[in-house]
Amino acid sequence: MTRDVAPRLGLPKPALLHSTFLPALQGAQTKMSSSDVNSAIEVKDTANQIKKKINKYAFSGGKVSVEEHREFGGDTTVDVSYKYLTFFEEDDEKLAQIKSDYESGAMLTGELKKLLIEKLQGIVKIFQERRAAVNDEVVAQFMSRDKKE
């Protein structure tokens, strides 16, 4: 309503930004912390570190046993691996299939974590390669007032 009334009062329309943040690996009830290196995936992490962090620390929405998980399925509302995939998997149909498979019990927690590990390793590798290509010349050009193409 404010957005409709503000222009009539000669005021600018207000804006609202809604931001969604990645949860800590240990789950939404905890928070990422620089003092806890295992609470997040960092851009400097190696592929092996990413794999170990996700396999060991990523909170799972899976059940206690494989049999129980196959019967009742996993809970994507609390599963950190699935939540991370909602940020990084660009294919909506693939994400919907992953959700369906996990919630039905067709996909196990380890399989879901493997998908996330592969996705994050690829993204972090690209970032690290691009970061390594930045040198003093690139920084100077970026900081220059007269941008030259």
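The basis for the numbers below is simple: all heavy atoms, side chains too, and nothing from hydrogens, waters or symmetry mates.
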Q: Among all residues two or more places apart in sequence or in another chain, which pass the side chain to side chain donor-acceptor pair (under 3.5 Å) test with Gln97?
A: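 Expected list: Asp101.
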
Q: Would you give the length of the straight line joining atom CG of Leu85 to atom CG of Asp91, rounded to the nearest 0.5 angstrom?
A: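 Rounded to the nearest 0.5 Å, the CG-CG separation comes out at 11.5 Å.
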
Q: Under the side chain to side chain donor-acceptor pair (under 3.5 Å) rule, collect the residues that match up with Glu111, sequence neighbours excluded.
A: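 Result, side chain to side chain donor-acceptor pair (under 3.5 Å) vs Glu111: none returned.
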
Q: Does anything in residues 30-39 form a side-chain hydrogen bond (donor to acceptor under 3.5 Å, both in side chains)? List the pairs, not counting sequence neighbours.
A: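 Passing the test, one end in residues 30-39: Ser33-Ser35, Asn38-Tyr57.
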
Q: By side-chain contact (heavy atoms from CB on, under 4.5 Å), which residues pair with Pro14, not counting sequence neighbours?
A: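 Scan of Pro14 (side-chain contact (heavy atoms from CB on, under 4.5 Å), adjacent residues dropped) gives Thr2, Arg3, Ala6.
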
Q: Is there side-chain contact between Ile54 and Ile50, with heavy atoms separated by less than 4.5 Å?
A: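 Yes; the side chains approach each other to less than 4.5 Å.
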
Q: Please set out all donor-acceptor pairs under 3.5 angstrom arising from side-chain atoms of residues 119-135, sequence neighbours excluded.
A:
unit_1 : atom_1 : unit_2 : atom_2 : d
Lys119 : NZ     : Glu89  : OE1    : 3.3
Gln121 : NE2    : Ala47  : O      : 2.8
Gln128 : NE2    : Val43  : O      : 2.7
Gln128 : NE2    : Asp45  : O      : 3.0
Asn135 : OD1    : Glu137 : N      : 3.1
Asn135 : OD1    : Val138 : N      : 2.9

Q: Working to the nearest 0.5 angstrom, can you tell me the gap between Gln49 CD and Glu42 CD?
A: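 Answer for the CD-CD pair, Gln49 versus Glu42, is 8.5 Å.
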
Q: With sequence neighbours excluded, tell me which residues meet salt bridge (charged side-chain N to carboxylate O under 4.0 Å, His left out) with Lys56.
A: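 Partners of Lys56 under the salt bridge (charged side-chain N to carboxylate O under 4.0 Å, His left out) test: none.
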
Q: Has the side chain of Lys53 got a donor or acceptor atom that lies under 3.5 Å from a matching backbone atom of Val37?
A: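 Yes, the answer is positive, given that a donor and an acceptor are paired below the 3.5 Å cut-off.
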
Q: Would you give the length of the straight line joining atom CG of Asn55 to atom OG of Ser60, rounded to the nearest 0.5 angstrom?
A: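 Asn55 atom CG to Ser60 atom OG measures 11.0 Å (nearest 0.5 Å).
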
Q: For a 4.5 angstrom cut-off between non-hydrogen side-chain atoms, does Ser65 reach Glu68?
A: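 Ser65 reaches Glu68 side chain to side chain.
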
Q: If the condition is ring pair (Phe, Tyr, Trp, His ring centres under 6.0 Å), which residues does Tyr102 pass it with, not counting sequence neighbours?
A: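 Result, ring pair (Phe, Tyr, Trp, His ring centres under 6.0 Å) vs Tyr102: His69.
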
Q: Mind checking whether Thr20 and Phe87 have side chains closer than 4.5 Å, heavy atoms only?
A: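 In contact.
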
Q: Could you identify which residues cluster with Leu108, counting Ile, Leu, Val, Met, Phe, Trp and Tyr as linked when any side-chain heavy atoms lie under 4.5 Å apart, either directly or through a chain of such contacts?
A: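 Reading the cluster by chain and number, Leu108 sits alongside Val66.
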
Q: Please name all residues satisfying side-chain contact (heavy atoms from CB on, under 4.5 Å) with Thr86, sequence neighbours left out, ordered by chain then number.
A: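 Partners of Thr86 by the side-chain contact (heavy atoms from CB on, under 4.5 Å) criterion, ordered by chain and then number, come out as Tyr82, Leu95.
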
Q: Counting only heavy atoms not in Lys63 (residues, nucleotides, ligands), do more than 12 fall under 6.0 Å from its NZ?
A: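 Counting other residues, nucleotides and ligands, NZ of Lys63 exceeds 12 neighbours.
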
Q: Going from OH on Tyr84 to CD1 on Ile41, what distance comes out if it is rounded to the nearest 0.5 angstrom?
A: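 So the gap between those two atoms works out to 6.5 Å.
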
Q: So, using side-chain contact (heavy atoms from CB on, under 4.5 Å) as the criterion, who are the partners of Ser104 when residues are at least two apart?
A: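 With neighbours one apart ignored, the set is Ala106.
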
Q: List the atom pairs, donor and acceptor, that lie under 3.5 Å between side-chain atoms in residues 71-78 and the rest of the protein, sequence neighbours left out.
A:
unit_1 : atom_1 : unit_2 : atom_2 : d
Asp75  : OD1    : Thr77  : N      : 3.0
Asp75  : OD1    : Thr77  : OG1    : 2.5
Asp75  : OD2    : Thr77  : OG1    : 3.3
Thr76  : OG1    : Glu103 : OE2    : 2.6

Q: Nearest 0.5 Å, please: how far is CE in Met107 from NZ in Lys114?
A: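 Lys114 NZ to Met107 CE: 10.5 Å, rounded to 0.5 Å.
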
